[in-house]
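Heavy atoms only: backbone and side chains are in, while hydrogens, waters and symmetry mates are out. For the single chain, residues carry numbers from 1 onward in sequence order.
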Amino acid sequence: MTNNLSTDNLTFECETGNYHTFCPISCVAWLYQKIEDSFFLVIGTKTCGYFLQNALGVMIFAEPRYAMAELEEGDISAQLNDYKELKRLCLEIKQDRNPSVIVWIGTCTTEIIKMDLEGMAPRLETEIGIPIVVARANGLDYAFTQGEDTVLAAMVHRCPTETLTENTKKHPSLVLFGSLPNTVANQLNMELKRHNIEVSGWLPSHRYLDLPHLGENVYVCGINPFLSRTATTLMRRKKCKLICAPFPIGPDGTRAWIEKISSVFGIIPQGLEEREQAIWESLEDYLQLVRGKSVFFMGDNLLEISLARFLISCGMIVYEIGIPYMDKRFQAAELALLETTCKKMNVPLPRIVEKPDNYHQIQRIRELQPDLAITGMAHANPLEARGINTKWSVEFTFAQIHGFTNARDILELITRPLRRNQALGTLGWSQLIKTDN
Ligand code: SF4
């Protein structure tokens with residue numbers, strides 16, 4: 001069944017939610033690397049363990065700071081004492097790694113058996129003397145990157161409150177939220193600094209002990225589109241002021257992001273237009289490859305709207321933007337920029353399909369024959385065999401795509417299948433399935 005909902009010109013549809021995506025517990029993969037003094041404990045079953053082990057590839061051999069607390073039959077039938085078991089494990093973690101924080105990741109099973117993680121954590125925390133943050137990043141409620149959102153929302157409560165002593169600053173405090181590799185976070189700090197905007201902190205910081213100060217006078221701004229719960233928690237619990245801007249993905253998004261933050265602080269950015277222009281010029285070799293090509297987002301990581309908007313700016317035509325979950329309020333500025341970009345580039349507005357149905361999407365891909373489908377690994381090879389170029393969507397989550405300088409990396413990813421298939425085109429093997437299929 002499909003629901004149609006129209007706001008202004010963009011059309012939003014909602015399908016069955018029958019789609020492939022990573023489980024949100026995968027967020028431990030990048031969060032443990034980002035927060036250097038943390039330890040992540042995923043409390044779940046073998047299913048979760050298998051997923052982590054396979055999805056995170058070679059990382060598991062690098063003694064990562066995450067582990068599974070694997071529930072046994074005795075835990076599920078309440079014959080064992082959950083509290084004692086978790087205490088034993090956390091003490092072991094304390095002894096081996098001595099982290100500054102242990103993050104418990106709740107899973108589908110802990111939800112279904114109603115394990116009271118939030119109730120146990122404070123007690124255990126005082127007993128063992130290490131903060132325990134609880135995030136319910138389960139596959140029942142969330143998709144992939146939303147796992148990070150649940151962890152950051154839980155961490156908001158642990159941020160110290162801002163003390164009001166600093167009248168010397170040029171503008172009120174600005175805290176950015178979203179996990180980025182340190183190099184990219186520094187690049188964004190520098191971009192803002194060019195316009196005299198100081199970033200006073202990041203959520204998450206690279207050490208748990210350096211979490212940013214939050215409070216009524218602090219402005220916060222997101223750098224990723226999947227952080228809507230964190231945004232809500234920052235506003236409701238810490239009374240922060242949210243700057244609703246497009247996300248700094250692509251030169252157009254980065255410029256709009258800086259412009260919006262500047263306007264909130266009453267600063268007129270200098271030389272921003274020229275900076276954006278220079279980046280576009282440096283991308284020309286890639287732009288020639290993508291101009292006029294069509295793309296179809298099956299949708300699995302919530303970055304889709306921002307990426308589609310950037311690709312439209314590059315001259316591509318987007319047929320469909322599939323997306324697991326669409327928070328129209330948090331993404332309002334991004335959606336507005338998508339609309340203006342379509343008008344500017346004179347291309348039709350793409351259909352936005354929330355909770356897509358992969359089966360139906362495949363039918364649509366067959367009909368539309370896009371030049372590129374951005375999709376998960378489950379469909380990538382089968383589509384390639386049918387002559388459709390594909391790009392594996394998960395790479396966008398792990399690649400560096402934020403800010404002016406990383407726009408090149410996005411296009412490098414997008415054009416890779418196009419370049420490869422161009423090179424192989426002469427072999428005449430674009431369709432590798434039986435023709436009656
Ligand atoms: S969907 Fe649920 S059961 Fe599956 S890996 Fe994720 S948390 Fe575990």
Side-chain angles (χ1 to χ4, degrees), residues 15 17-23 26 54-57 143-145 249-250 286-324 347 350-401 407-435 437:
E15 284 187 325
N18 225 330
Y19 64 96
H20 284 266
T21 180
F22 269 22
C23 169
S26 53
N54 287 299
L56 309 189
F144 196 9
T145 47
I249 292 172
Y286 282 129
L287 295 180
Q288 280 176 8
L289 283 169
V290 297
R291 251 180 223 129
K293 297 250 162 48
S294 54
V295 54
F296 189 108
F297 282 85
M298 287 186 79
D300 61 1
N301 57 20
L302 281 93
L303 293 170
E304 292 85 3
I305 303 277
S306 313
L307 286 173
R309 179 260 304 148
F310 167 54
L311 294 184
I312 293 169
S313 284
C314 294
M316 294 184 91
I317 300 146
V318 177
Y319 287 147
E320 174 166 328
I321 309 177
I323 185 166
V347 290
R351 57 194 277 174
I352 298 177
V353 182
E354 195 182 3
K355 298 184 176 55
D357 184 308
N358 279 174
Y359 178 81
H360 291 140
Q361 285 184 312
I362 294 292
Q363 315 301 320
R364 296 199 283 272
I365 289 179
R366 273 193 172 177
E367 234 168 74
L368 296 163
Q369 292 286 315
D371 293 307
L372 184 69
I374 299 184
T375 173
M377 214 30 143
H379 291 107
N381 283 340
L383 282 172
E384 286 280 342
R386 286 160 178 81
I388 305 275
N389 295 321
T390 59
K391 177 76 224 134
W392 186 32
S393 51
V394 173
E395 281 190 68
F396 294 105
T397 325
F398 292 101
Q400 307 194 342
I401 59 170
R408 205 172 171 79
D409 288 39
I410 309 178
L411 285 179
E412 166 68 29
L413 288 177
I414 290 288
T415 56
R416 197 175 296 156
L418 303 174
R419 283 178 286 131
R420 182 195 57 214
N421 288 353
Q422 225 172 31
L424 295 177
T426 46
L427 298 176
W429 291 342
S430 56
Q431 287 263 353
L432 295 170
I433 50 157
K434 279 202 285 181
T435 39
N437 209 340

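- The CG atom of Leu372 lies 8.0 Å from the CZ atom of Phe297; values are rounded to the nearest 0.5 Å.
- Between the side chain of Asn301 and the main chain of Ser393, a donor-acceptor pair closer than 3.5 Å is present.
- Between the CD1 atom of Ile352 and the CD1 atom of Ile305 there is a distance of 4.0 Å, given to the nearest 0.5 Å.
- Residues Arg364 and Phe296 have side chains in contact (heavy-atom distance under 4.5 Å, counting atoms from C-beta outward).
- Atom CZ of residue Phe396 and atom CG of residue Asp409 lie 11.0 Å apart, to the nearest 0.5 angstrom.
- In terms of modelled atom types and a separation under 3.5 Å, the side chain of Asn18 and the main chain of Tyr359 share no donor-acceptor contact.
- Between the side chain of Arg386 and the backbone N or O of Arg366, no donor-acceptor pair lies under 3.5 Å.
- In this structure, Ile317 and Gly292 approach most closely via the heavy-atom pair CD1-O, 3.7 Å.
- Ion pairing of Glu412 with Arg408 is absent here, as no side-chain N (NZ or NE/NH1/NH2) approaches a carboxylate O to less than 4.0 Å.
- Pro350 and Ile321 make their closest contact through CG-CD1, 3.7 Å (heavy atoms, listed as atom of the first residue, atom of the second, distance).
- Ile414 CD1 to Glu395 CD: the interatomic distance, rounded to the nearest 0.5 Å, is 10.0 Å.
- At least one side-chain heavy atom of Ile365 sits under 4.5 Å from a side-chain heavy atom of Pro370.
- The shortest heavy-atom contact between Pro324 and Gly299 is CD-C, 4.2 Å.
- For the atom pair Thr375 OG1 and Lys391 NZ, the distance stands at 11.5 Å (nearest 0.5 Å).
- Crowding of Glu367 atom CD: a count of heavy atoms from other residues, nucleotides or ligands under 6.0 Å not exceeding 12.
- Side chains of Asn381 and Glu384: no donor on one and acceptor on the other come within 3.5 Å.
- Closest heavy-atom contact between Ile362 and Met298: CD1-CE, 3.9 Å.
- Within the 4.5 Å cutoff, no side-chain heavy atoms of Leu307 are placed close to those of Glu304.
- Between Phe144 and Phe22, the angle of the ring planes lies from 30° to 60°, which puts this pair in the tilted group.
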Given side chain to side chain contact (heavy atoms under 4.5 Å, CB included), test Ser294 with Leu368 step by step and report yes or no.
-> CA-CA 9 Å; Ser294 54; Leu368 296 163; over 6 Å; no
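- Once rounded to the nearest 0.5 Å, the distance linking CE of Met316 with NZ of Lys293 reads 7.5 Å.
- Counting only heavy atoms from C-beta outward, the side chains of Thr390 and Trp392 never approach each other to under 4.5 Å.
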Test Met377 against Val394 for side chain to side chain contact (heavy atoms under 4.5 Å, CB included), laying out the working first.
-> CA-CA 8 Å; Met377 214 30 143; Val394 173; over 6 Å; no
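- At least one donor-acceptor pair under 3.5 Å links the side chain of Asn389 to the backbone N or O of Asp371.
- For Gly250 against Phe310, the heavy-atom pair with the smallest separation is CA-CD1, 3.6 Å.
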